[in-house]
Amino acid sequence: MSGDHSHNDSQIDSGSRHNDSHKHKDKYKDKEHKHKDHKKDKEREKSKYSNSEHRDSSDKKHRDKDKERLKLKDGSSDKQKDKHKEKKKEERSFDGKPKKEKENGFESPFIKSEPDNDFYHSLKHEKSLKRERNDDDAEFKPKKIKTENDRSEKKAKKRKQEEEDIKPKKKIKDKKGEVATDGKKKAKKEPEEKWKWWEEERYTDGVKWKFLEHKGPVFAPPYDPLPSNVKFYYDGKHMKLSSTAEEVATFFAKMLDHEYTTKEVFRKNFYKDWRKEMTSEEKSKITDLNKCDFSEMSEYFKAQSEARKAMTKEDKQKIKEENERILQEYGFCIMDNHKERIANFRIEPPGLFRGRGDHPKMGMLKRRIRSEDIIVNCSKDSKHPKPPPGTKWKEVRHDNKVTWLVSWTENIQGSIKYIMLNPSSRIKGEKDWQKYETARRLKKCVERIRAQYRDDWKSKEMRIRQRAVALYFIDKLALRAGNEKEEGETADTVGCCSLRVEHLTLHQEMGGQEYVVEFDFLGKDSIRYYNKVPVEKRVFKNLQLFMEDKEPEDDLFDRLNTSILNKHLQELMDGLTAKVFRTYNASITLQQQLNEITNSEDNVPAKILSYNRANRAVAILCNHQRAPPKTFEKSMQNLQTKIDAKKEQLADAKRELKSAKADAKVRRDEKSKKAVESKKKAVQRIEEQLMKLEVQATDREENKQIALGTSKLNYLDPRISIAWCKKFGIQIEKIYNKTQREKFAWAIDMAGKDFQF
DNA sequence: TGGTACACTTAGAATGACGGCC
DNA sequence: GGCCGTCATTCTAAGTGTACCA
């Protein structure tokens, strides 16, 4: 086996990787982890490798040389390879710099429809704001340096254009793309003009924006007390709770049907936090959660939910309109002359913490966030958002080196939560694009890096061997880096660098293959990673060495952490981190799979099945799982019933065709000939329908426990999919829904049919 | 060198919207 | 027209990675 990085045959039993976290978790319950104790291992290593100092310095020299070589090799600007694309697009590179001046400096189809024109006053104020975009990032360097004259001329043009654009427009478009003229709606959609931020230059020195204005967050609605007929019972007796205690009780009642409320940890944490909200009288009365009866509350909320569903169309419409109004008011910001959608403008409401897996803090009370907890970030010269009457913000900040608009600290883990922009925004899109370009740079030097880590498996230094084996896993199996976690603060999950001895079983021989490593651990979100992988002999021997004399709960890589690993990777390639391997391997797998399995002769559903299969290969590689939908069995059965019916229909149609043919043979007239033709067409039509249903069934079955969305959204360079669509005449809408198309607008615009990752 | 704060991406579950079918 | 299943969207937890400090 030499450098096998095909991700589809590297696993003995990839299909057996399934989400079995509940059973699995028991294995780790109540464990005392001593994996931070490295002292004895250090002693062990010292005695084994006495000349490590010398090796260290010579290694560094080699690395520096390699780094230089890599820099030279990768330094050239990476252009997209679509040679058949129209010239404008062909010339555009990922550096984000336009080849021609932007035609519409500022366009905001929303402005006139905005009810609160005040909010947009700053657009006018902003119109002369220019973005100085000299790139500091190597990848995004402009290909040609502009002269100052060029710049000022262009700036002047742009400014003029922007002024034009800010002037009231005759046409405005609403969210659905309907065009209104002077307030009147037109029935027909017109193509929306989108801002092509990818044709513009980027900011430098970590500046994220020059101007930012928004309306602040939308707070969770205040607590609405229960009606007096909805009662809480303690020990079988009605008990009126104080408003605060009642609110927290409703959080529990709302979750009564959820498995969470049966978990001991959840109940314990809830009870502890609930008591903090009780009056002293309540505290003295309520002493046992098991004696609390929340069922009336629970029924009440279920009834409310039913009532919501049963609302009249008009009432539903009213709610929808109100939501739309809130969205229009709070869901957008102005960032550097453009109206951008905010991703999460609502503050997380209070409730009970739903940690994943065996989270020690599940059930704790997530407290209500008030204005006094909120830090607002916006431009000094913008109209600052106002806190609700009678309240104050914690702070108003003007930090343009960050992308967030609002932040607060949550009380469960003490972490900071942010309000940020939607994935379709410039600020997110640029970053996403950059991510794929970094992965494409890795493509150019991955063979060298692989050669190096293979070489490092033989290193005299334990730390280098560990680093090399870990990197091999990250590369081959697309494992996450595995940062260290605070014990007892979160669920016990691991990634590559934090793997423990107990997570691996070594098999000299298994299923007819040599040197098999069996992985079994809980990864991000407590999703189980189970995989049996044949590895190279040297890796296997190294693993034996790393595991020697260790307890199951000891770290496998005791000389390694993500910081050390990433520092090393940074030396191998600028911008390289462990995460890049996952992006690279996901994207390259999609590209290879599509190249391999797409049959140009296939019809559209079959081609889409091929696409989904390629996507699935990536999802399996990245271990993106989902709980099988509750309705899965039933819906499969329904589909099968449809298939059976269609088969019968086909048999009937074929019989009819046969008899029509026989009839035509005897009668030899036009009418019977026509009858044969129409029967033939009917057979064809039914065959197509049957095929479609069968493809659907296959797709659904194969997708039972696999989530395609995560890889599609976060790991697969969208240009691969778009190029594939263009090449094989598939509508992009078949692959990406509306939201995804908005997120990947940059890729849709720039990828031609010949783009290769 | 390790700890921590912070900023940001990635993740599956929950919820909501919508369209097809009876 | 209502029900049901599916897909889209929202929500927020859980990761990664960097900067900074002692």
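In the text below, chain A, chain B and the rest are named by the order of the sequence lines, each starting its count at 1.
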From [atom1] of [X] over to [atom2] of [N], roughly how many Å is that when rounded to an integer?
| X | N | atom1 | atom2 | value |
| --- | --- | --- | --- | --- |
| A/Leu708 | B/dA11 | CG | P | 13 Å |
| A/Asp432 | B/dT10 | CG | C1' | 11 Å |
| A/Leu421 | B/dT9 | CG | P | 10 Å |
| A/Gln705 | B/dA13 | CD | C1' | 16 Å |
| A/Ile564 | B/dG2 | CD1 | C1' | 11 Å |
| A/Phe744 | C/dA8 | CZ | P | 14 Å |
| A/Asp492 | C/dA14 | CG | C1' | 14 Å |
| A/Phe301 | B/dA14 | CZ | C1' | 17 Å |

Between [options], which nucleotide gets closest to the side-chain atoms of [X]?
| X | options | answer |
| --- | --- | --- |
| A/Tyr715 | B/dT10, B/dG12, B/dC8 | B/dT10 |
| A/Phe353 | B/dA7, C/dA13, B/dT9 | C/dA13 |
| A/Lys579 | C/dC11, B/dC6, C/dT16 | C/dT16 |
| A/Lys417 | B/dA11, C/dA13, C/dG17 | C/dA13 |
| A/Glu348 | C/dG15, C/dT12, C/dA14 | C/dT12 |
| A/Ala481 | B/dG12, C/dG17, C/dT12 | C/dG17 |
| A/Asp525 | B/dA7, B/dA11, B/dA14 | B/dA11 |
| A/Ala707 | B/dA7, C/dG17, B/dG12 | B/dG12 |
| A/Arg346 | C/dT18, B/dC8, C/dC11 | C/dC11 |
| A/Thr577 | B/dA7, C/dT18, C/dA13 | C/dT18 |

Check the pair A/Phe345, A/His214 against side chain to side chain contact (heavy atoms under 4.5 Å, CB included), reporting the backbone distance first and the verdict last. CA-CA 10 Å; A/Phe345 55 89; A/His214 58 92; over 6 Å; no
Can you tell me if the side-chain N/O atoms of [X] get under 4.0 Å from OP1 or OP2 in [N]?
| X | N | result |
| --- | --- | --- |
| A/Arg528 | B/dG12 | no |
| A/Gln413 | C/dA14 | yes |
| A/Ser415 | B/dC6 | no |
| A/Asn714 | B/dT9 | no |
| A/Lys435 | B/dT10 | yes |
| A/Ser526 | C/dA14 | no |
| A/Arg480 | B/dA11 | yes |
| A/His258 | B/dA14 | yes |
| A/Lys485 | B/dG3 | no |
| A/Asn566 | C/dG17 | yes |
| A/Asn737 | C/dT9 | yes |
| A/His624 | B/dT10 | no |
| A/Lys401 | B/dA7 | no |

Polar side chain donor-acceptor pair, A/Tyr436 to A/Ser587, under 3.5 angstrom: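 No, no side-chain donor-acceptor pair sits under 3.5 Å.
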I'd like to know if the side chain of A/Ser711 pairs up with that of A/Asn615 as donor and acceptor (distance under 3.5 Å, no hydrogens or angles considered).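 Side chains of A/Ser711 and A/Asn615: pair found under 3.5 Å.
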Position toward the 5' end of DNA chain B (nearest nucleotide), A/Glu486 or A/Thr403: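 With A/Glu486 and A/Thr403 compared, the 5'-side residue is A/Glu486.
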DNA chain B: A/Arg354 or A/Asn561, which has the more 5' nearest nucleotide?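 Whichever sits nearer the 5' end wins; that is A/Asn561.
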What is the nucleic acid contact for [X], judged by heavy atoms within less than 4.0 Å: base, sugar-phosphate only, or nothing?
| X | answer |
| --- | --- |
| A/Thr493 | sugar-phosphate |
| A/Lys309 | nothing |
| A/Arg308 | nothing |

Result of checking A/Glu322, A/Glu321, A/Gln328 against A/Arg325 for side-chain hydrogen bond (donor to acceptor under 3.5 Å, both in side chains):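 Going through A/Glu322, A/Glu321, A/Gln328 one by one, the side-chain hydrogen bond (donor to acceptor under 3.5 Å, both in side chains) with A/Arg325 is satisfied by A/Glu322 alone.
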Given the structure, check if the side chain of A/Lys524 and the base of B/dT10 hold any donor-acceptor pair shorter than 3.5 Å.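 Indeed, a donor on one side and an acceptor on the other fall under 3.5 Å apart.
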Both A/Gly523 and A/Gly575 contact DNA chain C. Which one's nearest nucleotide lies toward the 5' end?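 Checking each residue's closest nucleotide, the 5'-ward one belongs to A/Gly523.
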Return whichever of A/Pro349 or A/Gln740 has its heavy-atom-nearest nucleotide of DNA chain C closer to the 5' end.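 The residue whose closest nucleotide sits nearer the 5' end is A/Gln740.
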Let me see the working for A/Leu405 and A/Leu421 under side chain to side chain contact (heavy atoms under 4.5 Å, CB included), right down to the final yes or no. CA-CA 8 Å; A/Leu405 281 57; A/Leu421 294 193; 4.0 Å; yes
Give a yes or no on whether a salt bridge exists between A/Glu329 and A/Lys215, defined as a side-chain N under 4.0 angstrom from a carboxylate O.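 Judged by the 4.0 Å cut-off on N to carboxylate O distance, A/Glu329 and A/Lys215 do form a salt bridge.
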Charged N-O contact under 4.0 Å between A/Glu306 and A/Lys302: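 Salt bridge: no.
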Using the six-membered ring wherever Trp is involved, compare the ring planes of A/His258 and A/Tyr260 and label them parallel, tilted or perpendicular (cut-offs 30° and 60°).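 Parallel.
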